[in-house]
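When reading the values below, keep in mind they use all heavy atoms of this one structure, side chains included, and skip hydrogens, waters and symmetry mates.
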Amino acid sequence: IRDEPLVVPKANNGKDWCPQNYDGKYLGPLSLEMALAKSRNTVAVRIALLLGLDKIKEMVKKLEFRFPNNINYSVALGAYETTPFELTRAYTIFPEMGYMIEPRFIIDIYDKVFEDNATLLYKSELQKKSVISPYTAYIMNKFLQAVVQKGTGRCAKALGVPVAGKTGTTQDYRDAWFIGYTPIYTCSVW
């Protein structure tokens with residue numbers, strides 16, 4: 001996919017839209033994996049244009065994001081408001097090989113803590129649903145591992161465990177975030 005200047009005609013209230021990379025530079029042809037690892041905005045927009053808004057809206061609905069119905073191609077750059085909670089929930093899909101897990105705040109309640117004869121008083125039910133294929137989840141895991149191994153999420157390597165994830169920033173670096181996961185935990189930091 002080409003990382004180079006791009007003009008999307010009449011995409012911004014009837015005006016041409018020229019998305020740019022955060023660093024103002026372009027790297028030319030890149031694999032999709034490297035474009036994701038290096039957070040190349042023009043590549044994200046090109047992929048969105050290839051998919052079309054109907055496919056994107058379909059996925060937004062599957063992931064249960066609360067975006068307005070009239071989304072546009074800036075969704076590829078994270079231009080719509082969401083919460084760290086919603087993003088973390090969505091990222092559980094990848095380590096769960098395509099299943100989105102419904103968050104549980106209380107898993108078990110026992111009547112006695114740290115005793116062998118404790119009685120289970122409550123156990124929440126694990127709820128999950130398939131939203132992407134296991135094959136797609138596998139590919140995304142590889143891509144998001146590359147973000148940590150050779151891209152914008154390199155700092156997460158310091159954890160010393162296998163980590164995958166994605167970084168993001170807002171205009172003028174006002175906000176920054178990282179959503180990462182291991183095979184057991186998914187976490188977002190804003």
Side-chain angles (χ1 to χ4, degrees), residues 1-84 86-94 97-98 100 130-153 164-181 188 190:
I1 309 283
R2 295 181 326 267
D3 178 25
E4 59 188 33
L6 171 69
V7 176
V8 184
K10 301 183 190 303
N12 187 11
N13 296 326
K15 298 177 185 172
D16 291 352
W17 178 45
C18 303
Q20 299 176 352
N21 294 317
Y22 68 97
D23 61 1
K25 298 176 184 171
Y26 301 96
L27 303 177
L30 295 172
S31 69
L32 185 52
E33 177 182 298
M34 192 51 61
L36 184 67
K38 302 285 186 184
S39 287
R40 307 317 289 174
N41 290 342
T42 63
V43 173
V45 173
R46 284 182 198 285
I47 295 295
L49 289 165
L50 287 170
L51 289 172
L53 284 176
D54 289 340
K55 286 276 190 195
I56 294 169
K57 288 176 185 177
E58 184 182 310
M59 185 54 69
V60 164
K61 186 176 180 180
K62 272 186 178 181
L63 299 177
E64 300 176 11
F65 282 115
R66 291 177 241 160
F67 293 165
N69 289 329
N70 60 340
I71 64 172
N72 60 42
Y73 288 108
S74 66
V75 72
L77 305 182
Y80 290 86
E81 188 174 294
T82 188
T83 65
E86 286 178 310
L87 283 173
T88 305
R89 180 174 176 246
Y91 270 71
T92 63
I93 295 166
F94 307 123
M97 297 310 292
M100 184 161 56
S130 177
V131 291
I132 62 174
S133 74
Y135 178 75
T136 300
Y138 174 82
I139 296 298
M140 285 303 300
N141 279 319
K142 292 294 184 193
F143 286 2
L144 294 169
Q145 288 168 3
V147 172
V148 173
Q149 292 303 313
K150 34 187 166 179
T152 57
K166 184 69 184 87
T167 60
T169 60
T170 57
Q171 202 75 16
D172 300 321
Y173 303 103
R174 180 178 164 173
D175 293 294
W177 52 265
F178 177 75
I179 299 175
Y181 58 89
S188 65
W190 173 43

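With sequence neighbours excluded, no residue forms a salt bridge (charged side-chain N to carboxylate O under 4.0 Å, His left out) with Arg174. The salt bridge (charged side-chain N to carboxylate O under 4.0 Å, His left out) test applied to Glu86 returns Arg66, not counting sequence neighbours. With sequence neighbours left out, the side-chain contact (heavy atoms from CB on, under 4.5 Å) criterion links Lys25 to Asp23, Arg40. Residues satisfying the ring-ring contact (aromatic ring centres under 6.0 Å, His included) criterion with Tyr181, sequence neighbours excluded, are absent altogether.
Between Thr152 and Ser39, the closest heavy-atom pair is OG1-OG, 3.6 Å. The shortest heavy-atom contact between Ala137 and Gly98 is CB-N, 3.4 Å. Heavy atoms only, all atoms of each residue included: Ala44 and Leu77 are closest at CB-CD2, 4.2 Å.
With contacts defined as side-chain heavy-atom distances shorter than 4.5 Å, the pair Lys62/Ile132 does not qualify. Ser74 is listed as a side-chain neighbour of Trp17, based on a closest heavy-atom distance under 4.5 Å. In this structure the side chain of Leu30 never reaches within 4.5 angstrom of the side chain of Ile1, judged on heavy atoms. Annotation: side chain of Met100 is in contact with side chain of Ile93 (closest heavy-atom distance under 4.5 Å). Residues Pro19 and Val45 form a side-chain contact, since some pair of their non-hydrogen atoms from C-beta on lies under 4.5 Å apart.
Separating the OG1 atom in Thr42 from the CG atom in Asn21 is a distance of 4.5 Å, to the nearest 0.5 Å. If you take CG on Leu6 and OH on Tyr73, they are separated by 11.5 Å, rounding to the nearest 0.5 Å. To the nearest 0.5 Å, atom NZ of residue Lys38 and atom CD of residue Glu33 are 11.0 Å apart. If you take CG on Leu87 and NZ on Lys166, they are separated by 11.5 Å, rounding to the nearest 0.5 Å. For the atom pair Leu36 CG and Lys142 NZ, the distance stands at 14.5 Å (nearest 0.5 Å). Here CD1 of Ile139 is found 11.5 Å from CG of Leu144. Values are rounded to the nearest 0.5 Å.
Checked by atom type and distance alone, the side chain of Asp16 pairs as donor or acceptor with a backbone atom of Lys10 at under 3.5 Å. Under a 3.5 Å cut-off, the side chain of Arg46 and the backbone N or O of Glu4 do form a donor-acceptor pair. Side-chain atoms of Asp3 do not come within 3.5 Å of backbone N or O of Val43 as any donor-acceptor pair.
The ring-ring contact (aromatic ring centres under 6.0 Å, His included) analysis of residues 20-71, with sequence neighbours excluded, yields the pairs Phe65-Phe67, Phe67-Tyr80.
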For residues 49-57, which side-chain donor-acceptor pairs fall under 3.5 Å, sequence neighbours excluded?
none

